[in-house]
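Reading through the structure tokens given below for one structure.
Numbering of residues begins at 1 and proceeds along the displayed sequence. Not measured: the values here are computed from a predicted model.
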Amino acid sequence: MAGFISRESIEEVSNRTDIVQVIGERVQLTQKGRDWWGCCPFHQDKTPSFSVSPEKKFYYCFSCHASGTVIDFLKEMDKISFSEAVSILAKKAGVTLKFESGGSEHQREDPNAKLKEEYRTLYTRIAGTFHYALMETSAGKFALDYITKRGLTKETLEKFKIGYSPEDRFWLRKFLEGKNYSKEFLDNSGLFNRKRPDTAFFCGRHMFPIFDRNGDCVAMGGRFLRGSDFEAQSKYKNSPELMHYKKGNILYAFNFAKESIRRNKKVIFCEGYMDCIAYHQCGIDYAVATLGTAMTLEHIHIVKPFVDEIYLSFDSDGAGQKATKRSILMCRSLGIPVKVVQLQGGKDPAEIMLSFGPEYLTNEVNESRFDFEFLISKLQELYPKDSPWGKSKASLEFFEYIDSLQSNVEKQSCLELFSQAYSIDKDALQEDFEKREKVHARLNQSNTQAVVAKPKRLVVTAELQAVVTAVSDLELFKKLREEISIEDLKEESSRQLYSAMEACSRNNSFSESGILNCLENDELKGFLIKSTNVPKDNVVESAEKSLLYLKNKVLERKKHEIKERMEILSRSSLPQDKIELEELVKQKMEVDSKIQSMKG
């Protein structure tokens, strides 16, 4: 280890960094006199109380009193160490850091800094290799034909560096070993399977490089095309979290979209890479996507400084609609207005672009519905307007949205709109809103399920019971992780437990007490304590049965998804849909075979 970053280097980085430019990339700033002002990113600020002084080279919030240098700002915003922040700014400013043997603890060089940079360099090179394989090789011609038939232009493929990972599972390891990368470096790169490190994590897939806000490639996403990689049982695969890559800190295409987001003061959140890319190709270049995870408050905070409103463009299926509602509530809790993009016939943006053209997709965005209109229309599909019970149920669910609003004027206006939609006296609705907890209790007494903003009770499912069997031993969790990813789990409690085990595994603190310390849900903690009180000689057998159960569930869900997609495509006459249908038939046969072999 080099030691401590010298004070001389820290001073040089600070002097050669434009604090207004760096903070201005995260906060909308306006110059007033010598200083720059904006809304504070460290608390819920409605009026600009955050000042940046280029002369004194520090920032200060007059409300929450957050303050510091440009290094402190980057450290707090990105949740990184002081030395990591210095290294990032030094790279931007072209400063070569010097080190010394002694200094304050926060000056200590990040021991993984060099390794993180080497992984970023590796991913950038691999992205270029995959892109070349798509655009220039005969092996990639099938993948190139397929994606161009989906409507993507050469310019789009170049911009996003979309690539193709060959079907050969062994070539990448041999190729990189020939470049003198060490075994340990490659094993921990996320590019190879944990169980069989000689085989590539991605093969036979379209590849989507994931860039950080600075444009460095830090991870990959892959969409399955054909080949042996289907044993992963997943149409989409994403790089696991790595030392240089945290999913919660990155939005797909934000590096391309950030200037447009700042200029238009709005952003579209999508679910997938193709949806996001389709928007960009159609000139709607303020679209971003989450990385195989649900939208979180952290994602919203990335764009919050630049936007006046957020658009949501999620799938029209049940899961997509639930995600839309959940995201509306999160955005509203941060004081951000929301609109919902509802595309014709439940099609996704890529299908709209291909079938109707860019102008049609632009019109669909321009005609997006306000979030309260969307929510009321969905409630009317669930609860009849002419039923007293339906009115009570719908109003209780709508109150959850009202609670998330930050303005009393908005609350009153939306209550009035709801009263009109359901033909409810607005005074009666207001009264129920003010005493909604009592109304909720009354509905519970009549054995009716009420939807209201209250903490959910822990439901112990078969999936959760299966995951908990891996808690007692790190080797058992490793076996589980080799076969099942967090995206394969459907229950939130199962995901929380899996995530806690993953964190403890990375931090070398894997133990029942360590996992308990990572959990925030008290009910889940209590269930875990009770469940781990099992005789040791039964644990391995129980874990093996549980893993078999989870693998079977994943395959059954995959089979169901394939059948649903096949049914939709069977009604289409588009040539590209027929190609996809043929591929899905093969995929279904492979899934059926795997399910049958597990039964045998």
Side-chain angles (χ1 to χ4, degrees), residues 13-82 84-93 211-216 246 248-251 253-269 285-288 290 295-311 330-338 406:
V13 168
S14 181
N15 288 335
R16 290 177 59 175
T17 299
D18 184 340
I19 188 172
V20 173
Q21 181 183 9
V22 172
I23 295 181
E25 291 177 357
R26 316 292 185 95
V27 179
Q28 195 98 11
L29 296 175
T30 303
Q31 188 172 16
K32 294 180 182 178
R34 292 183 176 181
D35 297 338
W36 294 73
W37 292 79
C39 290
C40 180
F42 301 114
H43 80 283
Q44 188 70 19
D45 197 9
K46 295 183 179 179
T47 57
S49 59
F50 182 80
S51 68
V52 181
S53 171
E55 183 181 345
K56 298 177 182 177
K57 292 190 175 295
F58 71 71
Y59 63 87
Y60 180 77
C61 176
F62 287 85
S63 293
C64 73
H65 308 297
S67 63
T69 66
V70 66
I71 298 169
D72 297 317
F73 179 83
L74 197 62
K75 171 177 172 285
E76 293 301 321
M77 286 295 289
D78 288 355
K79 301 295 184 269
I80 57 180
S81 68
F82 183 89
E84 283 181 292
V86 173
S87 298
I88 291 170
L89 294 172
K91 183 180 177 182
K92 284 186 174 182
F211 302 97
D212 63 16
R213 65 168 64 236
N214 300 316
D216 291 329
K246 305 298 177 191
N249 296 337
I250 293 178
L251 287 169
F254 183 68
N255 60 307
F256 299 116
K258 59 185 179 183
E259 291 306 319
S260 182
I261 292 171
R262 187 199 305 271
R263 187 171 60 253
N264 290 284
K265 296 186 178 180
K266 58 187 174 184
V267 63
I268 297 178
F269 273 92
D285 55 357
Y286 47 87
V288 298
T290 56
M295 186 172 166
T296 65
L297 288 171
E298 287 73 18
H299 291 136
I300 300 170
H301 277 296
I302 293 173
V303 301
K304 184 178 180 291
F306 315 114
V307 300
D308 292 336
E309 58 185 351
I310 286 177
Y311 288 63
M330 284 192 291
C331 292
R332 283 296 193 170
S333 72
L334 294 176
I336 306 174
V338 181
Q406 304 298 300

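Atoms OG and CD1, from Ser14 and Ile19 in turn, are 7.5 Å apart once rounded to the nearest 0.5 Å. Atom CZ of Arg34 and atom NZ of Lys56 lie 9.0 Å apart (nearest 0.5 Å). The line from CD1 of Ile88 to OG1 of Thr17 is 11.5 Å long, rounded to the nearest 0.5 Å.
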List the steps, then state whether side chain to side chain contact (heavy atoms under 4.5 Å, CB included) holds for Cys64 with Cys40. CA-CA 8 Å; Cys64 73; Cys40 180; 3.8 Å; yes
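Below 30°, between 30° and 60°, or above 60°: for Tyr60 and His65 the angle between ring planes is between 30° and 60°, a tilted geometry.
The shortest side-chain heavy-atom distance between Cys331 and Ile300 falls under the 4.5 Å cut-off. Side chains of Tyr59 and Asp72 form a contact here, defined as non-hydrogen atoms less than 4.5 Å apart. At a threshold of 4.5 Å between non-hydrogen side-chain atoms, the residues Gln28 and Lys265 count as touching. With contacts defined as side-chain heavy-atom distances shorter than 4.5 Å, the pair Arg213/Asn249 does not qualify. Residues Arg263 and Asp285 form a side-chain contact, since some pair of their non-hydrogen atoms from C-beta on lies under 4.5 Å apart. With contacts defined as side-chain heavy-atom distances shorter than 4.5 Å, the pair Phe254/Ile261 qualifies.
A pairwise comparison of heavy atoms in His299 and Phe269 identifies O-CZ, 4.0 Å as the closest pair.
Looking only at distances, no side-chain donor or acceptor of Asp216 sits under 3.5 Å from a matching main-chain atom of Asp212.
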